[in-house]
4 protein chains.
Amino acid sequence: MPTHPASLFSIATGSPEPIYRQLVEQVRRLSASGQLRPGDEMPSVREIAQALTLNPMTVSKAYGLLEMEGVLARRRGLGMVVAESAAPAAKADIVGLLRPTLERAATEARQLELDSDTVLSLFATILKETK
Amino acid sequence: MPTHPASLFSIATGSPEPIYRQLVEQVRRLSASGQLRPGDEMPSVREIAQALTLNPMTVSKAYGLLEMEGVLARRRGLGMVVAESAAPAAKADIVGLLRPTLERAATEARQLELDSDTVLSLFATILKETK
Amino acid sequence: MPTHPASLFSIATGSPEPIYRQLVEQVRRLSASGQLRPGDEMPSVREIAQALTLNPMTVSKAYGLLEMEGVLARRRGLGMVVAESAAPAAKADIVGLLRPTLERAATEARQLELDSDTVLSLFATILKETK
Amino acid sequence: MPTHPASLFSIATGSPEPIYRQLVEQVRRLSASGQLRPGDEMPSVREIAQALTLNPMTVSKAYGLLEMEGVLARRRGLGMVVAESAAPAAKADIVGLLRPTLERAATEARQLELDSDTVLSLFATILKETK
DNA sequence: GTGGTCTAGACCACA
DNA sequence: GTGGTCTAGACCACG
């Protein structure tokens, strides 16, 4: 599935999370979950920049980091593609990407002295809302 | 419960989370859950700074924010105490403090195309580990 | 040895090698060879930028990469220091840093059908000149 | 020696070295060392492009530069040949082609504070491996 | 004071 | 057309 527009991404300009990092993490997740597959062409820096009204350098920085990570590969003069080495992750690995945030939530819950049942039922509710 | 030394706090200097914010949120949680009760004396800025090898200004900034929030109160010449208005929160409010992190986890899960059952069971496991 | 001025670095603005990369590699070598030791404070971005008449962002980019590599560590609000994990490399590793360039030279020599003795004696001459 | 297919060249698309430059330098070395002799016919742009799956424009650019340098000559309608003026170089000139890379290696060695003996013995080892 | 992020815009190298 | 580099300058977060 050749990725067409730049509407893949949703950026929260107000967030404390830097824009370039939001891009990096979204691409990482899209790749891990198989929504982006090796060989898929990424939208050009300029396309994304225009679609999201960002500075091209911001997008470029994200692409650069993703290349260093091995998620994307540069085809000189031709744009970026999803790297062959970035095959969709095994389910165990996908799950692993979620771990840090869940661990943080668990730590906070413990500090709040909330019991597991309360926390789990809250999370279940939120998961339904988000869907 | 007289607040002992500054070993209440655990600070991760390596984390992207600013130090002052780590302090703020830990106090907020301790207060909401009733581990810190109105009238409890807080350790002095100097004590905390020394115990955790932090810049006193960092601790001071956290205290300032907590005072603005009404969690702590400044008693001139006597240091900070937990504010009377900071009674342990109702359970609903305590739960609310956990929401943002869980919402973030839910968003990430959706981007990873993980179904709710998988995510919930992972979270249950992590909650047990953390305990 | 606290690193004082920014005269540690020599930048060739004319080179095809990007400036930020020249900086990265020089710091890497200085660290590996023990001329920069863990804990040493690096000159600030602004100092280097001014001393070498570069844009601060160019220096910042280099520092950012060096942090990702684990060569430097950020002390928030206080500047960069040589990371503890960046202990001077064992001699074998230092030698390893030189390998890629020597391998390239060897490949070129072979393509030029030069015999080893000729190449080695040329290299010996150059090493003396450079000293 | 009639130049066979395009298997003369080995291109590393992943390298930071631009492709057209890799081609130029390989031809230059083959000519200097006498592996390509005046009058030898070069493979056509299309042949090389197809054999190495390169953009023909890339190959063409390399040929253009080599023509400007006087290494190749264009025979209208008949393709490129090795120029008469490109007689195998004198040994001193061949050696000169290797200089830049060796100088770079020497500079890096000095920055790593390695002594000449160590470096030379490492290079000798690598030369044997490469052979 | 420190580094980080983003924007705006120019220029270059590559295919 | 592609991405990369650099400059200039503003603004922010942190300590």
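Every chain is numbered from 1, with letters handed out A, B, ... down the list of sequences. Just so it is clear, the structure is predicted and the values come from calculations on it, not from any experiment. In what follows, every heavy atom counts, from backbone to side chain, and hydrogens, waters and symmetry copies are set aside.
- Between B:Ala62 and B:Leu23, the closest heavy-atom pair is CB-CB, 3.8 Å.
- Between C:Met80 atom CE and F:dG15 atom P there is a gap of 15 Å when expressed in whole angstrom units.
- Near-neighbour residues of DNA chain E inside residues 13-22 of chain A, defined by a heavy atom below 4.0 Å, number-ordered: A:Pro18, A:Ile19, A:Tyr20.
- Atom CE in B:Met57 sits about 6 Å away from atom C1' in F:dG15, given to the nearest Å.
- Judged by closest nucleotide on DNA chain E, C:Arg74 is the one of C:Arg74 and A:Pro56 placed further toward the 5' end.
- One finds no salt bridge joining C:Glu17 and C:Arg21 here, because no Lys/Arg side-chain nitrogen approaches an Asp/Glu carboxylate oxygen to under 4.0 Å.
- D:Asn55 comes within contact range of the sugar-phosphate backbone alone, with a heavy-atom separation under 4.0 Å but no base atom that close.
- Judged purely by atom type and a 3.5 angstrom limit, A:Gln111 has no side-chain atom pairing as donor or acceptor with the backbone of B:Leu30.
- Partner assigned to E:dT5 is F:dA10, using Watson-Crick or G-U wobble distances below 3.5 angstrom.
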Chi angles and distances behind the side chain to side chain contact (heavy atoms under 4.5 Å, CB included) call for A:Tyr63, A:Val24: CA-CA 7 Å; A:Tyr63 270 15; A:Val24 166; over 6 Å; no
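- Side chain of C:Glu108 to main chain of D:Thr101: no donor-acceptor pair is present (N/O by atom type, distance under 3.5 Å, no hydrogens or angles).
- In summary, contact between chain D and DNA chain E, defined as any nucleotide atom under 4.0 Å from a heavy atom of the protein, begins and ends at E:dC14 to E:dA15 in the 5' to 3' direction.
- A:Ser31 contributes no side-chain N or O that, together with a main-chain N or O of A:Val27, makes up a donor-acceptor pair within less than 3.5 Å.
- Each of A:Gly77 and A:Ser60 lies near DNA chain F, and the nucleotide nearest A:Gly77 is the one positioned closer to the 5' end.
- Atom-to-atom, CD1 of B:Ile11 to P of F:dC14 comes out at 13 Å; the value is rounded to the nearest Å.
- Here C:Arg75 lies out of heavy-atom contact (under 4.0 Å) with every strand.
- DNA chain F is contacted by both B:Thr58 and C:Arg46; C:Arg46 maps to the nucleotide lying nearer its 5′ end (nearest heavy atom per residue).
- A distance-only check finds no donor-acceptor pair linking the side chain of D:Thr53 to the backbone of D:Ala49 [under 3.5 Å].
- The side chain to side chain donor-acceptor pair (under 3.5 Å) check on C:Glu25 picks up nothing, with sequence neighbours excluded.
- C:Pro38 approaches C:Ala87 most closely through the heavy-atom pair CG-CA, 3.8 Å.
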